[in-house]
Amino acid sequence: MPSLSSAPFSLLSIFLFLLFVACSPTFTPVLPPSYPLAVRNPYLSAWLPGNQAQDLPFAVPQFWNGQNLTWSVIARINGQAYSLFGVPIPGSGVKAASVQSAEYTSTHTTFTLTAGPASFVLDFLSPISPLDYVRQSLPFSYLTVSTSGTNGATPDVQIYSDIDNSWIGQFGFDMQTSWSYATTEASTSVLTLTPGGTATYSEVNDMAQWGTAVYCARGSNVSAGVGMLDAVRGDFAANGSLSGSWQWQPGSVMGYSQDLGTVSGATNVTFAVGYWRQAAVNYMGNARTAYFTSSCQDINCACVHALTDFEAADTEARTLDATIASKAAGVGGANYSDIVALSARQAFGAIDITIPLDTLDTSDVMAFIKEISSDGNVNTIDVIFPTSPIFYVMAPEYIRLLLEPVMQYLATGDWPQDYTVHDIGSNYPNSTGHNDGNAEQMPVEESGNLLTLAALYYKASGDDAWCNKYQSLFQGYADYLIVNGLYPATQLSTDDGAGEATNQTGLSIKAAVALNAFGVMTHQSNYSEYGEQFATVLYNHSVGVDSGKTHFTLVENADDTWALEFNLYMDVLLGLNTFPTAALAMQTSYYPSVRKPAGVALDSSLDWGKTDWMIFAAATAMAQGVGNEGVRDMFVEDVHSFVSNGLNPIPFSDKYFVENSAGDVQGEWNGYRNRPVVGGHFALMALDGPAQIQIGAGESHRRKERRGG
Ligand SMILES: *[C@@H]1O[C@H](CO)[C@@H](O)[C@H](O)[C@H]1NC(C)=O
Ligand SMILES: *[C@@H]1O[C@H](CO)[C@@H](O)[C@H](O)[C@H]1NC(C)=O
Ligand SMILES: *[C@@H]1O[C@H](CO)[C@@H](O)[C@H](O)[C@H]1NC(C)=O
Ligand SMILES: *[C@@H]1O[C@H](CO)[C@@H](O)[C@H](O)[C@H]1NC(C)=O
Ligand SMILES: *[C@@H]1O[C@H](CO)[C@@H](O)[C@H](O)[C@H]1NC(C)=O
Ligand SMILES: *[C@@H]1O[C@H](CO)[C@@H](O)[C@H](O)[C@H]1NC(C)=O
Ligand SMILES: *[C@@H]1O[C@H](CO)[C@@H](O)[C@H](O)[C@H]1NC(C)=O
Ligand SMILES: *[C@@H]1O[C@H](CO)[C@@H](O)[C@H](O)[C@H]1NC(C)=O
Ligand SMILES: *[C@@H]1O[C@H](CO)[C@@H](O)[C@H](O)[C@H]1NC(C)=O
């Protein structure tokens with residue numbers, strides 16, 4: 001029985017609890033660190049930090065690197081303006097809508113709100129259509145605002161949305177911004193902003209300085225305005241349309257108003273936001289442009305194309321969302337599905353699919369990937385390697401498209417070392433090579449990665465021609481590994497944050513798997529035998545495991561060290577059996593014994609871990625003959641609780657602290673954000689085989705047929 005004195009307190013708590021439950025939005029499947037809003041390539045990358053989602057009307061979206069972006073949505077309902085999104089300082093008389101829920105899938109981020117007699121859905125779509133190069137390389141994302149009356153109401157509704165020069169990285173008031181407004185075919189309106197006085201291919205804090213930000217709308221009831229933020233938004237709030245002064249000055253925005261009239265059933269308006277670069281990537285002095293440019297050579301055409309393609313892209317994206325969700329849940333449960341859904345846009349959002357700008361030759365396709373945040377390197381081999389599972393699942397040819405510019409560069413002989421280069425350019429988008437031989441040196445890491453990636457592509461595609469074309473280069477790196485792979489000299493591994501070390505067991509495991517993979521790919525059993533010998537030395541002869549054979553070590557012959565041996569995963573995925581099942585089972589069952597409160601660290605010397613490698617280890621646990629679901633679930637749960645712990649309001653970090661130590665807080669991110677390596681979270685799904693999700697394939701195949709290819 002509660003005492004009399006505590007009863008009122010209990011009732012109050014229950015009341016407050018109910019009030020809280022009623023007012024606080026629901027987050028499906030979880031509240032992520034940051035929501036992808038418009039994430040298509042390294043320079044179109046707008047996010048909403050998760051900790052702002054419940055205050056969406058006041059929220060400030062951000063570029064991936066943290067710069068604030070102006071992007072607002074205001075609705076006018078029976079003459080009353082309500083901010084829905086991105087209005088940190090509402091003008092007088094503007095009310096804030098109330099956020100009901102937020103949801104993300106692989107391609108959509110969706111918020112629902114209510115305001116007066118209407119409800120709203122803001123649907124941010126960034127399509128993923130890897131095999132349709134036109135759709136995939138379209139440098140636009142979509143925002144659809146849907147509305148309907150609540151409780152049978154039929155309100156008059158107008159929708160407003162604007163952007164400003166934060167989208168071109170111009171935050172100073174003395175910058176030269178030029179703008180344009182045009183209407184073109186299919187009632188399409190086009191607003192643009194272009195920075196002045198900046199160099200082609202230059203960046204400031206990772207934002208491109210040489211392109212054009214674009215905002216597109218469609219319909220006969222659209223009006224546009226360019227002018228001071230307060231004036232343009234005030235015009236909309238007062239009149240429900242824009243008739244502004246059309247003058248750009250510091251502090252200006254450019255926006256659209258769309259009159260939806262009297263709303264009875266659900267009705268909607270779609271905007272397309274983009275970032276246009278005519279020259280997208282500088283490949284050895286030659287300009288390359290988005291593959292999309294083969295369809296549209298100017299911005300007006302691009303806006304028309306984007307809005308015309310919206311429905312098809314959206315339908316395809318919804319199919320993709322459902323397919324990824326169900327396949328992921330099937331191999332790793334609902335928590336795993338939550339992780340991969342948040343990873344997909346981020347992985348593809350680091351990539352440009354390109355063709356030469358001068359010829360627009362669509363048979364000369366190359367893909368470029370930016371390392372992002374750990375640095376700005378171009379096509380880093382040890383970034384393509386961890387990202388590769390998402391390609392294997394959805395588009396194995398991306399492995400070739402990303403390696404092609406690397407192989408063409410290596411084939412010139414301008415890279416002077418006898419091991420594989422780390423990357424093909426220090427600063428995206430300048431892919432200018434390292435003819436001085438001075439890239440970040442990771443000899444065994446990158447040589448092993450390159451051979452493994454080539455074998456992975458070959459396994460998925462059976463493409464003999466490509467592998468033969470570069471076989472002599474590959475063989476040179478295999479020969480390098482034979483000499484240097486078993487007892488690696490002092491050097492970095494991919495996890496360069498951990499520093500250099502000698503005789504790293506992980507590197508020699510990588511060399512063993514890569515040699516076997518190369519042998520299988522090229523039908524040369526002598527290379528496979530070298531790989532198997534390495535494995536025998538490391539495992540059977542205990543050079544890479546402790547004497548009690550309980551775990552692989554961090555450093556050879558250092559029994560008391562251990563590491564997360566993510567390099568075993570590719571042995572499993574490629575089905576090579578370089579290492580015996582007993583070795584995989586041993587290592588898998590060791591992990592729970594070194595699990596820290598927030599996960600397994602990368603190795604015995606560190607207090608941080610890597611989410612991509614954790615999921616590689618989870619997948620290794622599911623190797624044939626191992627099948628350790630408990631360890632799989634342990635890793636998935638640790639990554640899931642990192643993603644949902646509310647401590648990290650930034651795009652998905654793949655590196656976080658697994659325990660409290662010397663000021664480091666468990667569950668907090670550690671330096672990296674928005675890296676494409678989250679594509680590695682598809683490692684568990686990849687075990688079900690290559691190209692199991694074929695999105696965009698229909699269109700790409702039709703195009704090939706038209707070319708007669
Ligand atoms: C970015 O927006 C936030 C939230 O409104 C604000 O607190 C912060 O000062 C802004 N940062 C810059 C650099 O303007
Ligand atoms: C790329 O190279 C150009 C010169 O060709 C330079 O102006 C630009 O700043 C470079 N970009 C980056 C990101 O370093
Ligand atoms: C729109 O509203 C503003 C502010 O109330 C007013 O000054 C302006 O004249 C109006 N424009 C039109 C075309 O009605
Ligand atoms: C355009 O606006 C008018 C006036 O508010 C409205 O009656 C009509 O339904 C709107 N048309 C469309 C296509 O939204
Ligand atoms: C938008 O409205 C159109 C026409 O009513 C409808 O077909 C479509 O499904 C709606 N789209 C969204 C994303 O709600
Ligand atoms: C690395 O291993 C080799 C072979 O066991 C050994 O000769 C060498 O001393 C080791 N290097 C270091 C720094 O431990
Ligand atoms: C492996 O065998 C091939 C011939 O089948 C030979 O060309 C190559 O040099 C051999 N490589 C090594 C490292 O023995
Ligand atoms: C290495 O160990 C495994 C597992 O015990 C065993 O099956 C295999 O035959 C051994 N290999 C050699 C070369 O001894
Ligand atoms: C899912 O992950 C959460 C941590 O975010 C954990 O509490 C929960 O037990 C996990 N669910 C399953 C079924 O493993």
Side-chain angles (χ1 to χ4, degrees), residues 41-43 63 65 168-169 195 197-211 277 279-288 350 352 357 368-373 375-380 418 423-434 444 447 451 468 471-491 493 499-509 511-512 514-534 536-538 541-545 547 553-561:
N41 65 48
Y43 302 111
F63 185 67
N65 204 16
I168 51 174
T198 52
T200 307
Y201 304 128
S202 64
E203 294 180 339
V204 170
N205 293 331
D206 287 283
M207 293 189 82
Q209 296 294 290
W210 77 99
R277 291 171 291 149
V281 169
N282 165 17
Y283 181 61
M284 309 298 163
N286 299 313
R288 299 186 65 90
D352 282 306
L357 178 59
F368 295 88
I369 190 166
K370 186 173 178 178
E371 179 166 335
I372 298 195
S373 89
D375 65 42
N377 293 173
V378 184
N379 288 28
T380 307
D418 52 358
D423 61 77
I424 53 172
S426 298
N427 299 102
Y428 206 90
N430 291 325
S431 181
T432 45
H434 292 285
V444 172
S447 301
L451 299 180
N468 289 342
Q471 178 165 340
S472 66
L473 274 169
F474 292 142
Q475 190 143 327
Y477 303 130
D479 292 340
Y480 178 87
L481 288 181
I482 288 173
V483 177
N484 300 286
L486 186 54
Y487 300 106
T490 309
Q491 63 192 282
S493 77
E500 292 192 337
T502 313
N503 290 341
Q504 293 184 58
T505 306
L507 285 178
S508 54
I509 292 174
L515 282 168
N516 195 5
F518 174 75
V520 168
M521 176 173 79
T522 58
H523 316 290
Q524 298 184 97
S525 56
N526 51 347
Y527 287 95
S528 289
E529 280 155 20
Y530 274 109
E532 282 154 9
Q533 278 166 32
F534 281 20
T536 301
V537 172
L538 290 169
H541 303 170
S542 292
V543 165
V545 298
S547 50
T553 56
L554 172 61
V555 173
E556 291 165 358
N557 295 313
D559 275 24
D560 52 349
T561 64

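Note that this is a predicted model, so its numbers are computed, not measured. One-based numbering, in listed order, for ligands and for the atoms of each.
When hydrogens are left out, the protein atom nearest atom 13 (C) of ligand 2 is Y428 O, 3.3 Å; that is the closest non-hydrogen contact. When hydrogens are left out, the protein atom nearest atom 7 (O) of ligand 2 is A199 CB, 3.7 Å; that is the closest non-hydrogen contact. Scanning all protein heavy atoms for the shortest distance to atom 14 (O) of ligand 2 gives N427 CB, 3.4 Å. Nearest to atom 1 (C) of ligand 7 among the protein's heavy atoms is N526 ND2, 1.4 Å.
Side-chain rings of Y283 and F368 approach one another, their centers coming within less than 6.0 Å.
Listed by number with element, the atoms of ligand 7 under 4.0 angstrom from any heavy atom of D479 are 13 (C). Remark: ligand 6 atoms within the under-4.0 Å shell around heavy atoms of N503 are 1 (C), 2 (O), 3 (C), 8 (C), 10 (C), 11 (N), 12 (C), 14 (O). Heavy-atom proximity to I482, at under 4.0 Å, picks out these atoms of ligand 7: 13 (C). Atoms of ligand 6 found under 4.0 Å from any heavy atom of T502, numbered from 1 in the order shown, are 11 (N), 12 (C), 13 (C). Heavy-atom proximity to E203, at under 4.0 Å, picks out these atoms of ligand 2: 13 (C).
For the pair N430 and ligand 2, the shortest N or O to N or O distance falls below 3.5 Å. Of the N or O atoms in Y527, one or more lie within a sub-3.5 Å distance of an N or O in ligand 7. In terms of polar-atom proximity, Y201 is counted as a contact of ligand 2, with an N or O under 3.5 Å from an N or O of the ligand. Looking at Y530 next to ligand 7, no N or O pair under 3.5 Å apart turns up. Backbone and side-chain nitrogen or oxygen atoms of Y487 are examined, and none is located within less than 3.5 angstrom of a nitrogen or oxygen of ligand 6.
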message = Run D352 and Y43 through side chain to side chain donor-acceptor pair (under 3.5 Å) and show every step you take.
response = CA-CA 10 Å; D352 282 306; Y43 302 111; over 6 Å; no
Test side chain to side chain donor-acceptor pair (under 3.5 Å) applied to Q209 and Y201, step by step = CA-CA 7 Å; Q209 296 294 290; Y201 304 128; over 6 Å; no
ask   = Which is it for S547 and S542 under the side chain to side chain donor-acceptor pair (under 3.5 Å) test, yes or no, and what are the steps along the way?
value = CA-CA 6 Å; S547 50; S542 292; over 6 Å; no
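No donor-acceptor contact under 3.5 angstrom links the side chains of Q504 and Q491, judged on distance only. In this structure, a donor-acceptor pair under 3.5 Å is present between the side chains of N430 and N282.
Salt-bridge check for K370 with D206: passed, with a basic side-chain N closer than 4.0 Å to an acidic carboxylate O.
Around atom OH of Y530, no more than 12 heavy atoms belonging to other residues, nucleotides or ligands sit under 6.0 Å away.
Side-chain contact check for L538 versus E556: some heavy-atom pair is nearer than 4.5 Å. Using a 4.5 Å heavy-atom threshold, the side chains of Y487 and T502 count as separate. Side-chain atoms of S447 and F474, non-hydrogen and from C-beta on, never get closer than 4.5 Å to each other.
Using a 4.0 Å threshold on non-hydrogen atoms, atom 4 (C) of ligand 2 does not count as touching the protein. Atom 9 (O) of ligand 6 is never approached by the protein to below 4.0 angstrom, counting heavy atoms only.
Heavy atoms of S202 found under 4.0 angstrom from ligand 2 belong to the backbone as well as the side chain.
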